[in-house]
Number of protein chains: 2
Amino acid sequence: MLREDVTEAIRAAVFEELAAVGYARMSIEGIARRAGVGKTAVYRRWRSKLHLVLDLVSAIAVQGLPTPDTGSLEGDLRLLYEVTSRALRHPVASQVIPDLQAEAARNPEIAEALQKALREGQHGVANGIVRAAVARGEVRDGVDEDLALDLVSGPLYWRSVVVRAELPKGYLGSLAAATGAALRAL
Amino acid sequence: MLREDVTEAIRAAVFEELAAVGYARMSIEGIARRAGVGKTAVYRRWRSKLHLVLDLVSAIAVQGLPTPDTGSLEGDLRLLYEVTSRALRHPVASQVIPDLQAEAARNPEIAEALQKALREGQHGVANGIVRAAVARGEVRDGVDEDLALDLVSGPLYWRSVVVRAELPKGYLGSLAAATGAALRAL
DNA sequence: CGACGTCGGAACGCAACCGTATCGTCGTCA
DNA sequence: TGACGACGATACGGTTGCGTTCCGACGTCG
């Protein structure tokens, strides 16, 4: 009989807190405070900070993204990049992702949850694109799929999250073209 | 008249602590404990955790890497990837880099120090490789240099740090070939 | 030899959270 | 209408780190 609105307020507060101070500094007290809720309400639902975050990450992982299908490799890449870069522009995502990613280096459970989310998200979509290109004959059959995925996903992540530089007009198109060329060269 | 051996012990302890628990959880007490030193010795040298870390990051940034020069784009890339992947294999690097990178999203001073280190390290070397390729005529003149750098550095970082998967034999060679093709297509 | 400054160690009061327990209140069902 | 359970609030003792202060020991200069 837990109240759903309270649960939702906590979930939202966790995201905000995660973005604001990061996993390490995040406290149950802080979450409850931000959610306008008693600590009791939080502990009644999750046993610890870790369980809370794992639950949220898993929930996100469930939302499977649709694979683009424009009929060409470059078109698919372009679409993927547009969706991805829009997602990474959200402050919450751009703060939370690197934070959890760093935490994953220390906590195997977070690492696993993140891997799963990655596999069902970015990784899965990229895989679909590559396989469609292979089926279409645009990419040689028998390519190293893992390498192909790194080529597809790496540059935009590096630019958006690591370098944190703006994406000038035309960037995504050029990136899609260059990546397409790289895949065809495999 | 600060004793240099004490200073060095503290520096080493900071790296270990940073790798073990991360910037957020790292405490002056913990550093002093690990270094076998009094808190006094730390505070006498640095005013805060932030100053300490900024100092270390800046120190690393100074070590300029030599630009590879094998005479071909692919050879240069291959060499860069070998050096980079070896560096990223060190546990300290693979724990500390994502951690500071996440922290940079919250702290402009860390972000700036990291940007500088990046520019004088990976970024600088990659830039040298691309320009040499342009001079050699392997890459079209007038390419978007930033995009080129993303193509060069992104995939390996994604694979090593984000996906955290092993690099099978032959991976670096294939990656260099694919990246070369992408650059030539720009 | 004597003065000075750094050393490690210990203690200070203060603040934040931990996870638990105990309030009285309020909404919902039977 | 009465019982139940989740609610926010508050308090608990315990832990950890903050940044500062004082101490006696030691080394190194002058």
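Chain letters run A, B, ... following the sequence lines, proteins first and then strands; every chain starts at 1. As a basis for the values below, the full set of heavy atoms in this structure was taken, side chains included, without hydrogen atoms, waters or symmetry mates.
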Look at [X] together with [Y] and state whether they make a salt bridge at an N to O cut-off of under 4.0 Å.
| X | Y | result |
| --- | --- | --- |
| Arg86(A) | Glu82(A) | no |
| Asp99(A) | Arg106(B) | yes |
| Arg33(B) | Glu17(B) | no |

Whole-Å gap separating [atom2] ([N]) and [atom1] ([X]):
| X | N | atom1 | atom2 | answer |
| --- | --- | --- | --- | --- |
| Leu50(B) | dG19(D) | CG | P | 11 Å |
| Lys49(B) | dG17(D) | NZ | P | 11 Å |
| Arg33(A) | dC17(C) | CZ | C1' | 9 Å |
| Tyr43(A) | dA9(D) | OH | C1' | 16 Å |
| Leu52(B) | dC18(D) | CG | P | 11 Å |
| Leu2(B) | dG8(C) | CG | C1' | 15 Å |

Show your reasoning for whether side-chain contact (heavy atoms from CB on, under 4.5 Å) applies to Met26(A) and Val14(A).
CA-CA 8 Å; Met26(A) 188 176 69; Val14(A) 171; 4.3 Å; yes
So, does the side chain of Thr40(A) form a donor-acceptor pair with the base of dA6(D) at under 3.5 Å?
no
What about Lys39(B), does its side chain sit under 3.5 Å from the base of dG19(D) through a donor-acceptor pair?
yes
So which heavy atom on Leu77(A) is nearest to which on Ala176(A), and how close?
CD1-O, 3.6 Å
Do you know which two heavy atoms are closest between Val139(B) and Leu183(B), and how far apart they sit?
CG1-O, 3.9 Å
Applying a 4.0 Å non-hydrogen cut-off, can you work out what Ser48(A) is touching in the nucleic acid: base, sugar-phosphate, or nothing?
nothing
Side chains of Tyr23(B) and Asn107(B): do they bring a donor and an acceptor to under 3.5 Å?
no
For dG5(D), does either OP1 or OP2 sit under 4.0 Å from a side-chain N or O belonging to Arg44(A)?
no
Among dT21(D), dC17(C), dA6(D), which nucleotide sits nearest the side chain of Arg45(A)?
dA6(D)
Would you indicate which nucleotide in dT20(D), dG8(D), dA6(D) comes nearest to any side-chain atom of Met1(A)?
dA6(D)
The correct set of residues in residues 3-30 of chain B placing a heavy atom under 4.0 Å from DNA chain D is Ser27(B), Ile28(B), Glu29(B)
